[in-house]
Amino acid sequence: MQTLAEGLRLPTNGLDYAILAIYFVVVLGIGFMARASVRTSLDFFLSGRSLPAWVTGLAFVAANLGATEILGMAATGAQYGVAVVHWYWIGAIPAMVFLGLVMMPFYYRSKVRSVPEFLLQRFDRSAHLLSSVLFAFAAILIAGVNLYALSIVVEALLGWPQWVAIVVAGLFVLVYITIGGLSSAIYNEVLQFFVILAALIPITVLGLKRVGGWGAMSESLTKQHGGDFMTAWGGTGIGDANPLGANWLTIILGLGFVLSFGYWTTNFAEVQRALSAKNLSAAKRTPLIAAFPKIFIVFAVMIPGLVAAVIVPQIGTPDSDLTYNDAIPLLMQELLPNGVLGIAVTGLLAAFMAGMAANVSSFNTVFTTDIWQRYVVKDKPDTYYLRFGRLITAIGVLASIGTAFIAASFSNIMSYLQTLFSFFNVPMFVVFIIGMFWKRASMKSGVWGLVAGTAAAMVNYFWIYKGGVIDIPSDQGANFVSAIVGFVAGAVVMVVVTLFTAPKPEAELAGLVYGTESPSPDEALEEADRAWYRKPALLGWGAIVLAALCYVPYSF
């Protein structure tokens with residue numbers, strides 16, 4: 001297991017611990033307040049579909065802004081340089097806009113309680129069951145990554161062994177999710193969004209000051225790693241060498257299309273926040289509102305990674321006892337005075353809880369509604385499924401504690417996450433996208449598309465890349481290729497299976513395939529009466545244009 005370098009113990013004092021204690025009291029208080037609104041399973045799993053767009057929008061971005069995002073993207077910045085912006089401006093914003101404008105109407109109007117349940121309506125039970133199992137498994141693995149990321153911070157804060165930090169932190173999250181369900185998770189995520197920013201901004205500002213500003217940092221890193229380290233697209237020609245180990249084609253197709261759309265449009269940990277919105281308009285605006293802070297958060301995670309690479313030029317190499325994941329704890333120790341240090345530690349713990357809570361709350365929904373209620377114990381009173389949801393939450397947290405130790409074997413946890421996304425999210429995305437836009441796609445094509453996409457991505461990663469059949473320069477480059485391979489394999493198999501199997505009756509496709517949905521009179525009235533700044537299309541295109549403009553200073 002990777003352990004935090006011994007020299008990274010944080011010089012915390014009573015003021016730092018007091019700030020941390022106040023935060024934990026507030027989090028538990030929100031959980032107990034949310035408990036009063038949990039009367040049915042719908043309340044527990046989807047907040048009764050009653051939340052306003054600004055709440056679900058901030059929760060949407062906070063659920064993604066977990067400890068894996070902060071530690072992992074800072075690690076990616078230290079390892080690959082400015083290329084980390086691709087994960088935001090091309091690897092997130094277009095897919096978030098597509099989710100809001102194109103896919104949320106399908107999800108919300110169908111009244112599904114989870115993403116796999118949509119596949120049940122569009123395809124058949126086999127596609128639904130397989131996608132439910134794959135998603136539940138992936139959610140536990142990803143929650144484990146968040147637990148491991150937290151253990152790095154707690155080890156730095158208290159000097160606890162990682163296994164102790166993992167167990168204690170997992171049990172705390174279990175308490176507040178079990179008490180208040182999704183409402184507790186979402187309202188805490190809104191709080192955590194601001195706490196996380198309060199932690200990252202001082203690290204970013206003081207880090208830049210420490211290395212003499214952006215210009216001095218760029219000059220230092222260019223000398224160490226070459227000119228392409230401080231550009232987004234420099235050296236990404238096909239056949240060229242660059243820090244990321246990927247060319248422009250694999251970045252655009254592998255990350256910008258397949259991995260990105262696969263994650264943002266089918267990952268229920270995110271989509272669940274939009275499904276809890278009070279109406280379709282709020283559901284559509286949820287990822288669009290989240291897109292704007294997402295554009296700028298990259299600076300708060302990339303710059304600390306770059307600063308760490310200047311302070312410790314050998315970080316992540318055999319010549320240093322620091323891994324790339326240590327970039328943020330290193331800067332916390334080096335730069336922050338007591339009090340501010342307490343806020344930073346609290347922010348990272350908040351990030352961890354946001355990320356883990358998102359995955360655990362989506363896991364308990366999918367396991368309860370899509371597996372247990374649908375296939376194991378049917379037709380029980382609603383109170384039974386509410387109790388079972390709380391029970392499976394506890395089981396999910398315990399399983400996450402186990403998978404945290406898997407994540408600990410990776411020096412860059414973001415590489416590990418991208419590997420999981422290429423295995424599980426990409427095959428689900430190809431099934432969704434073909435099913436939504438091709439009426440002829442048969443009922444059996446869904447399950448075989450999932451099988452083919454998952455198998456092809458795993459074969460590419462474990463045999464072709466790890467086995468050295470083809471030389472791919474980096475783990476991230478291999479993930480991009482795995483995503484493309486999984487997408488193409490899933491799509492080809494779906495088309496072939498469709499040619500030899502029966503399509504779903506057209507009468508059953510209403511509202512499930514593009515062009516067959518018909519807005520209700522209430523939706524049409526709502527659309528016509530909306531203020532200009534609340535129109536989804538305007539929000540969506542505004543986010544895309546802004547993200548494209550951000551690329552200009554860092555292109556070459």
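In this chain, residues are counted from 1 in sequence order. Note that the coordinates shown come from a computational prediction; the quantities given were computed from them, not determined experimentally.
The aromatic rings of F137 and F424 sit perpendicular, their planes meeting at an angle over 60°, well past the 30° parallel limit. The aromatic rings of F429 and F257 sit perpendicular, their planes meeting at an angle over 60°, well past the 30° parallel limit. Ring pair Y107/F118 is perpendicular by interplanar angle, where above 60° counts as perpendicular and below 30° as parallel. Below 30°, between 30° and 60°, or above 60°: for F388 and F367 the angle between ring planes is below 30°, a parallel geometry.
In summary, of the residues considered (M103, M436, M96), a side-chain contact (heavy atoms from CB on, under 4.5 Å) with T265 occurs for M103 alone. L331 pairs with exactly one of L336, V307, T204, D326 by the side-chain contact (heavy atoms from CB on, under 4.5 Å) rule, that one being V307.
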Would T346 and I343 satisfy side-chain contact (heavy atoms from CB on, under 4.5 Å), going step by step from the backbone distance to the final call?
CA-CA 5 Å; T346 303; I343 294 173; 5.6 Å; no
Between F193 and I297, is a side-chain contact (heavy atoms from CB on, under 4.5 Å) present by the stated rule, with each step listed?
CA-CA 11 Å; F193 174 76; I297 284 171; 4.2 Å; yes
Decide yes or no on side-chain contact (heavy atoms from CB on, under 4.5 Å) for Y263 and E270, but give the supporting numbers first.
CA-CA 9 Å; Y263 174 81; E270 304 294 336; 2.9 Å; yes
Candidate pair I295 and C550, rule side-chain contact (heavy atoms from CB on, under 4.5 Å), full reasoning
CA-CA 8 Å; I295 291 172; C550 286; 3.7 Å; yes
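With Y23 contributing its side chain and V195 its backbone, the two residues share no donor-acceptor pair below 3.5 Å. Remark: side-chain polar atoms of S260 are paired, donor with acceptor, to backbone N or O of G91 under 3.5 angstrom. Side chain of W89 to main chain of A548: no donor-acceptor pair is present (N/O by atom type, distance under 3.5 Å, no hydrogens or angles). The closest donor-acceptor contact from the side chain of T403 to the backbone of I140 lies under 3.5 Å. Remark: side-chain polar atoms of S131 are paired, donor with acceptor, to backbone N or O of H128 under 3.5 angstrom. A side-chain donor-acceptor contact under 3.5 Å links H86 to the backbone of A232. Between the Y385 side chain and the K380 main chain, a donor and an acceptor come within less than 3.5 Å of each other. Side-chain atoms of R122 come within 3.5 Å of backbone atoms of G435 as a donor-acceptor pair (strictly under, hydrogens ignored).
For the pair V298 and M73, the minimum side-chain heavy-atom distance is 4.5 Å or more. Inter-residue side-chain proximity for V258 and F480 is flagged as unmet; no heavy-atom pair is nearer than 4.5 Å. Counting heavy atoms from C-beta on, the side chains of L259 and V426 come closer than 4.5 Å. Side-chain contact between F194 and L58 is present, with at least one heavy-atom pair separated by less than 4.5 Å. Contact check for F292 versus L539: side-chain heavy atoms found under the 4.5 Å cut-off. Between F432 and L119 there is a side-chain heavy-atom pair separated by less than 4.5 Å. Here the side chains of T76 and W87 are in contact, with some heavy-atom distance below 4.5 Å. Within the 4.5 Å cutoff, no side-chain heavy atoms of F135 are placed close to those of T365.
Under the 6.0 Å cut-off for aromatic ring centres, W264 and F60 qualify, their centroids lying closer than that.
Scanning all heavy atoms of the two residues, the minimum distance from A199 to A344 falls at CB-CA, 3.5 Å. The nearest pair of heavy atoms linking S400 to V360 is OG-CG2, 4.5 Å. Contact between S132 and D370 at its shortest, heavy atoms only, is OG-CB, 3.3 Å. Contact between A537 and L101 at its shortest, heavy atoms only, is N-CD2, 3.7 Å. The two residues V301 and I70 come nearest to each other via the heavy atoms CG1-CA, 4.0 Å. Nearest approach of I93 to A543, heavy atoms of both residues: CG2-O, 3.7 Å.
Separating the CG atom in L134 from the CG atom in N425 is a distance of 10.0 Å, to the nearest 0.5 Å. The CD1 atom of I392 sits 4.0 Å away from atom CD1 of I395, with the distance rounded to the nearest 0.5 Å. Here the straight-line distance linking atom CG of L141 with atom CZ of F423 works out to 10.5 Å at 0.5 Å rounding. Separating the OG1 atom in T56 from the CG atom in L51 is a distance of 6.5 Å, to the nearest 0.5 Å. Here the straight-line distance linking atom CE of M104 with atom OG1 of T286 works out to 7.0 Å at 0.5 Å rounding. Put simply, CG on L130 and CE on M428 are 8.0 Å apart, with the number rounded to the nearest 0.5 Å.
Listed by chain and number, the residues in a side-chain hydrogen bond (donor to acceptor under 3.5 Å, both in side chains) with W372 are Y384 (sequence neighbours excluded).
Side chain to side chain, N364 and T393 meet the donor-acceptor criterion of an N or O pair below 3.5 Å.
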